[in-house]
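Read the structure below first, then the notes.
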Amino acid sequence: RSSDLLCPDLASRRVEEKALLCQKAEHEYAGVPCGIMDQFIAAMGERGHALKIDCRSQKGDLVPLSDPSVTVLITDSHVRHELSGSEYPKRVKQCDSAAQVLGKADRKGLRDLTLEDVEAGKSKFSDELEYKRAKHVVSENKRTNRAAEALRNGDYVLFGKLMNESHASLKSARVLLPKAKLSM
């Protein structure tokens with residue numbers, strides 16, 4: 001891996017540990033409150049694969065995506081994305097609060113809930129956006145597992161449907177930047 005050449009003293013560490021150290025550096029030295037997705041894909045990504053990330057266990061699972069009949073198109077929306085001063089920390093706090101409303105200690109517990117659990121607790125929310133974000137997290141976790149399975153089975157129609165559902169859910173939870181919505 002190229003990271004081993006840049007930081008030979010880290011070569012013996014697990015890739016997950018390297019990603020977490022990069023996240024820690026962003027938090028502590030750059031002052032950027034960020035998640036783990038960028039660091040995980042940078043540390044663990046491999047050609048011909050998607051990466052399914054489990055943020056609770058902090059493990060990555062490579063999912064084959066090398067069918068020559070499939071083309072993945074990645075575009076640049078030219079929308080500036082800055083985590084420093086962004087809404088990200090606010091969304092994290094809202095997810096922690098939503099989890100507590102639903103009887104979980106923090107946002108990581110949301111994945112143990114079903115959409116039925118979220119709906120049953122809807123009246124407990126004083127903030128509609130917190131409810132929508134909890135609903136997004138719960139549905140996105142299920143959707144991600146189904147999407148990984150669809151890729152493994154070569155069911156690209158289902159995979160595309162799940163990606164469209166993900167986009168709609170992000171929009172509902174107000175996670176997307178307004179200009180970025182136009183490119184999807």
Self-check item: Spatial distance of atom NZ (Lys59) from atom CD1 (Ile53) [nearest 0.5 Å]
Solution: 13.5 Å

Quiz item: Just by modelled atom types, is the Glu165 backbone N or O under 3.5 Å from a matching donor or acceptor in the His167 side chain?
Solution: no

Practice problem: Any chance you could lay out the side chain to side chain contact (heavy atoms under 4.5 Å, CB included) test for Asn141 and Arg56, step after step, and finish with the verdict? | Solution: CA-CA 11 Å; Asn141 279 325; Arg56 180 186 284 169; over 6 Å; no

Exercise. Using only heavy-atom distances, determine whether the side chains of Tyr131 and Gln94 contain a donor-acceptor pair under 3.5 Å.
Key: no

Quiz prompt | Lys/Arg N to Asp/Glu carboxylate O, Arg111 vs Asp54, below 4.0 Å | solution = yes

Quiz prompt | Where His136 and Ser169 come nearest, the two heavy atoms and their spacing | solution = ND1-OG, 2.5 Å

Practice problem: Evaluate the side-chain proximity of Leu115 to Lys135: yes if any heavy-atom separation is below 4.5 Å, no if none is. | Solution: yes

Quiz item: Any luck finding a side-chain donor-acceptor pair between Asp117 and Thr114 under 3.5 Å?
Solution: yes

Exercise. Heavy atoms only: give me the nearest Ser172-Lys132 pair and the separation to one decimal.
Key: O-CD, 3.4 Å

Quiz item: Does atom CE of Met163 have more than 12 heavy-atom neighbours from other groups under 6.0 Å away?
Solution: yes

Practice problem: Using a 4.5 Å cut-off on heavy atoms from C-beta on, say whether the side chain of Pro33 contacts that of Val92. | Solution: no

Quiz item: Which atoms form the tightest heavy-atom contact between Leu110 and Cys95, and what is the distance?
Solution: CD1-O, 3.9 Å

Quiz item: What about Phe159 and Val72, same hydrophobic cluster or not, with Ile/Leu/Val/Met/Phe/Trp/Tyr joined at side-chain heavy-atom distances under 4.5 Å?
Solution: yes

Quiz item: Rounded to the nearest 0.5 Å, how far does CD of Gln39 lie from CG of Leu20?
Solution: 8.5 Å

Quiz item: Got a sec: does the NZ of Lys90 have more than 12 other heavy atoms crowding it under 6.0 Å?
Solution: no

Quiz item: Do Arg143 and Glu140 meet the salt-bridge criterion of a basic N to acidic O distance under 4.0 Å?
Solution: yes

Quiz item: Sub-3.5 Å donor-acceptor pair from the side chain of Asp96 to the main-chain atoms of Asp106, do we have one?
Solution: no

Exercise. Search all heavy atoms of Gly121 against all heavy atoms of Leu102 and return the closest pair with its distance.
Key: CA-CD2, 3.9 Å

Quiz item: When rounded to the nearest 0.5 angstrom, what distance separates CD1 in Ile41 from NE2 in His49?
Solution: 11.0 Å

Quiz item: Hey, does Met44 have a side-chain heavy atom less than 4.5 Å from the side chain of Glu16?
Solution: yes

Quiz item: Are Lys108 and Cys55 close enough that some pair of their side-chain heavy atoms sits under 4.5 Å apart?
Solution: no

Quiz prompt | Cluster check Ile36, Val137: I/L/V/M/F/W/Y, side chain < 4.5 angstrom | solution = no

Quiz item: To the nearest 0.5 Å, what is the distance between CG (Leu51) and CG (Leu65)?
Solution: 11.5 Å

Exercise. Report whether Leu129 and Phe125 are members of the same hydrophobic cluster (ILVMFWY, side-chain heavy atoms less than 4.5 Å apart, transitive linking).
Key: no

Quiz prompt | Spacing of Asn153 atom CG and Arg146 atom CZ [to the nearest 0.5 Å] | solution = 12.0 Å

Quiz item: Atom CG of Leu62 and atom CD of Glu46: how far apart are they, to the nearest 0.5 Å?
Solution: 5.0 Å

Self-check item: Val63 side chain reached by Arg152 side chain, heavy atoms, under 4.5 Å
Solution: yes

Quiz item: Hey, does the side chain of Gln23 reach the backbone of Cys34 with a donor-acceptor pair shorter than 3.5 angstrom?
Solution: yes

